[in-house]
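Let me begin by presenting the structure, written as structure tokens, before commenting on it.
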Amino acid sequence: MASRFNALKADTHWQQVWDESQTFAARDDSPKPRSYVLEMFPYPSGKIHMGHVRNYTMGDVLARFRRMTGHEVLHPMGWDAFGMPAENAAMEKKVHPGEWTRQNIAAMKAQLRRLGFALDWSRELATCDPSYYGHEQALFLDFYRAGLVYRKESAVNWDPVDMTVLANEQVIDGRGWRSGALVEKRKLSQWFLRITRFADELLDGLGSLEHWPDKVRLMQENWIGKSQGLQFRFRLSDGDSVEVFTTRPDTIFGASFVAVAADHPIAQALAARDPAAAAFIERCKQGGTTAAELETQEKLGYDTGLTAAHPLGAGDLPVYIANFVLMEYGTGAVFGVPAHDQRDFEFASKYALPIRRVVADGERTDPAFDGAEAYTGPGTLVNSHFLDGLAVEEAKRVVIERAEREGWGQGSTVYRLRDWGVSRQRYWGTPIPIIHCGACGEVAVPREQLPVALPEDVSFDVPGNPLERHPTWKHVHCPQCGGAALRDTDTLDTFADSSWYFIRFASQPEDRPFDREQAERWLPVGQYIGGVEHAILHLLYARFWTRALRHVGLIDLAEPFTGLFTQGMVTHETYKAADGRWLAPEEIGDGVELATGAPVTVGRVEKMSKSKKNTVDPAPIVDQYGADAVRWFMLSDSPPERDLEWSENGIEGAWRFVQRLWRLFDALGEGGAPGEGADAALDRKLHQTIAGVAADVEALSFNKAVAKLYELVNAIEKAAPSAARDAAVRTLAQLVAPMVPHIAEEAWALLGGAGLVADAPWPIVDTALLVEDEVTVAIQVNGKLRDTLTLPKGLARDEVEAAVLANDKVARLLAGRAPRKVIVVPDRLVNVVA
RNA sequence: GCGGACGUGGCGGAAUCGGUAGACGCUGGGGACUUAAAAUCCUCUGCCAUCGGCGUGCGGGUUCGAGUCCCGCCGUCCGCACCA
């Protein structure tokens, strides 16, 4: 009697079997080819969300598939466990961040296990564990000794809500990436990692990352922002000088002013003695930084009264303080060429400065420039003395050569990328292992004193850094002179923690961060999967960290992740009350809000978020439908790089499919009379599916693999009993095993498979069966499909042509005329041109 | 503003090299089974229509043949942004 598949029972059973037999533990000494499959580790917020389920399901399918194709797979999981939410919880709920974090980890680990992921839990790590961050401190000190870490007083991005410093990468539209608070500028002494030292390498390295999305490579390229040009000094009328950088040295004879940033030393010096200048500088700082504000903001300047001598003798230029010049980029000063730069054009128009054409714009070569906007395109230099007649690129080179020969400037490369500020005024992070001694200065904590562990007895009653307030922790003896000294009370940006966890997964000795040889055997990560929101921050920092490790001789590895896949989000419908409040599905009934009876509007499909009340908690869904149905749904329909809309119908459909599979397995397992005889068509379909699913999974095109499996199941269900059909059902258990592993194990056991299907090999394709012996040829007349014809494969051209011309519909359309031309595409199509 | 991606039925999507557009799933219609319902199974489901015609955002082009290539638009989404 046919039974229904009991997902909950099967899930529990097989998860326990895998666990007990250590099925997914990666063996370091395996002779098999290695495959490192990694998904971005989660922050332990307390609950798994649908985005995690989708991310980890994709990685899991690949990991399981790779095992079946004979690889030794490393597929680990851990916890990105430091960070602000734990401190917020400490403040709100009066629990210690560590306790809160560890409880969350336990809860989320149980949820991940419930989904049956093929993870090697023996390598689990949490970044908040001293056995992890202690090694990170050692690496930090290695970088420190190699000159990759330095401390400087600098204007930093201060988040007034989180009360901490943010890296440039963490400021979005002038607001903190976490808090959303308007970021302020503050002067603080901060630790920096010298990422700019690797700017060129990080840029060039992108070229080797063929298996990264172009989009991410481009984003990193833009972020690094390499520009080449000329750097030179203007002599000023007060005897001082100002250095500028330009990417357009060719337009040097079109210069009509020099402008410096509001916080440029020249502007600051002037402000000290000129109240009007000081007032102007103050005004510049008030300008907003959002896109809309910048768009409409007027170009403003303050005439310093100084003049700058043109290096090629083309007169003296006025020097302004201008609100559009950034101190952080280049030298914080520019020369303005209004005819060929839009900002300079607007500025010159406002202050009635000369606008001189030096690049011919089509016909126009005269100096009088009367366009409505600057001309920034290519052209030939005019009104530029020795540059006249040269093309823009040529002229750039000539000017740089001359500047270098005459000694007033040099070719130079400028990057948008800034060094990575890593100091955070927070408790729940990796303590920076440096001691400040009045006599010795900065002193590295000796290796034998690592880890510098966080004190447990801290309070979060007042905002700010508890380490700063702790009565004893920061008071230490200087490791060098033994005198009284202070610990650095800052902790590392948590992006440092996630910059090397993938190496620690590969090798976890107790006494050092990793074993070089063992790490090099597993790395680089062949396939890394995560959200596109990490396209810059995490992925750039991890690439830097890896290069820094190589620089200090700890590993021979340039790029940490050779394959990257950025998956789409999980979305859901939203609902809004009449007054615009977001409503959760359970607040709604029959198109009205239950509480008020007012009608509800269905909003856009959006990323699941608490604020929009459109989240779906995976936990009850897994309990209701079983892990396999949830996994199958996560892989169906939407291409993995695109958004997936969660829907009740979708999960129902997935559950139906699991039951359909079970009916096939169960019917065969029941043992009735075995099928007899062949079924060539089904054999062919089976082998096409084996090959097709393998290719799709390898390409991470899970939605296509799913579609192919549906086709196969449809074909098996329709097929008459035969030995071939029985064989197809057995093979089906292997084919679905990476996606729906629990029912696959159940079927494998039922049908008498040896061992676990998780350890079974991927079925071998009979390539002879991939080729059809008959083909359906399309018949077109003048490019329009008129009929199809089934012919033996490989039939000679003239025979195909004859068969087509004998076709009724073709004959009718030709109406007795001879065709002008007949195009024959073998085994595909014939086009009769009348 | 700069850079990028995308645009195919009611919906998610497929079409690997320029060669039968709409696989597969969802939704919906009809039917079988059932006292009834659920479940399951069968069947239809791009649009208009009588032959047949029209269809891959819009307008052109190349080609025997275009969702796919080229030119020009429109729209949506994402990233960056006063970067000299």
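Each chain gets a letter, A, B and so on, in the order its sequence line appears, and its residues count up from 1.
Residue contacts for A:Arg656: at a heavy-atom cut-off of 4.0 Å it reaches the sugar-phosphate backbone alone, with no base atom in range. At a threshold of 4.0 angstrom between heavy atoms, the contacts of A:Thr331 with the nucleic acid are absent. Here A:Leu326 lies in heavy-atom contact (under 4.0 Å) with a base. Contacts of A:Arg820 with the nucleic acid, taken as non-hydrogen atoms under 4.0 Å apart, are absent. Contact annotation for A:Val532: no contact, since no heavy-atom pair falls under 4.0 Å across all strands. Nucleic acid contact class of A:Tyr710 (heavy atoms, under 4.0 Å, all strands): sugar-phosphate only.
Remark: the separation of the C1' atoms in B:U45 and B:A37 is 26 Å, to the nearest Å. Between B:A66 and B:G19, the distance separating the two P atoms is 11 Å to the nearest Å. Look at the C1' atom in both B:G9 and B:U27: the space between them is 12 Å, to the nearest Å.
Between the side chain of A:His340 and the backbone N or O of A:Thr376 there is no donor-acceptor pair closer than 3.5 Å. A:Arg725 places a side-chain N or O within 3.5 Å of a backbone atom of A:Ile716 that can act as its donor or acceptor partner. Under the 3.5 Å distance criterion, the side-chain polar atoms of A:Thr571 are matched with a main-chain donor or acceptor of A:Leu644. The backbone N or O of A:Lys809 lies less than 3.5 Å from no partner atom in the side chain of A:Asp787, so there is not a single donor-acceptor pair. Here the side chain of A:Asn614 pairs no donor or acceptor atom with the backbone of A:Thr574 at under 3.5 angstrom.
In this structure, B:G9 is classed as syn because its glycosidic torsion stays within 90° of zero.
The pair A:Arg663-A:Asp666 fails the salt-bridge criterion, with no side-chain N (NZ, NE, NH1 or NH2) lying under 4.0 Å from an Asp/Glu carboxylate O. With salt bridges taken as basic N to acidic carboxylate O contacts below 4.0 Å, one links A:Lys396 and A:Glu393.
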The test is salt bridge (charged side-chain N to carboxylate O under 4.0 Å, His left out); show your working for A:Arg418 and A:Glu328 and say whether it passes.
CA-CA 9 Å; A:Arg418 303 267 77 92; A:Glu328 307 85 60; over 6 Å; no

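Looking at RNA chain B, the stems built from 3 or more consecutive Watson-Crick or G-U wobble pairs, each pair with its key distances under 3.5 Å, are B:1-7 with B:74-80, B:10-12 with B:24-26, B:28-32 with B:40-44, B:46-48 with B:52-54, B:57-61 with B:69-73.
Whole-Å rounding puts the A:Lys784 NZ to B:A66 P distance at 9 Å. Nucleotide B:G79 holds its P atom 13 Å from the CG atom of A:Asn222, rounded to whole Å. In this structure, A:Glu652 atom CD and B:A38 atom P are separated by 13 Å, rounded to whole Å. Separating the CD atom of A:Glu717 from the C1' atom of B:C24 is a distance of 14 Å, rounded to the nearest angstrom. The separation between A:Leu785 atom CG and B:G53 atom C1' is 14 Å, rounded to whole Å.
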Just the atom pairs and distances: protein N or O near nucleotides 16-19 of chain B's N or O, under 3.5 Å.
from, atom 1, to, atom 2, distance (Å)
B:G19, O2', A:Arg828, NE, 3.2

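The side chain of A:Arg416 sits closest to B:C80 out of B:C80, B:C78, B:C82.
Looking at A:Lys299 and A:Lys350, their side chains never come closer than 4.5 Å, going by heavy atoms from C-beta outward.
Toward the 5′ end of RNA chain B lies the nearest nucleotide of A:Ser638, the other residue of the pair A:Ser638 and A:Ala654 mapping further downstream. Mapping A:Asn714 and A:Asp341 onto RNA chain B by nearest heavy atom places A:Asn714 at the nucleotide closer to the 5' end.
By the 30° and 60° cut-offs, the orientation of the rings of A:Phe347 relative to A:Phe257 is tilted.
A sub-4.0 Å separation between OP1 or OP2 of B:G13 and a side-chain N or O of A:Asn703 is absent. Between A:Tyr329 and B:A84 there is a side-chain N or O to OP1 or OP2 distance below 4.0 Å. Distances shown here put every side-chain N or O of A:Arg663 at or beyond 4.0 Å from the OP1 or OP2 atom of B:A39. For A:Ser647 and B:G12, the shortest distance from a side-chain N or O to OP1 or OP2 is not below 4.0 Å.
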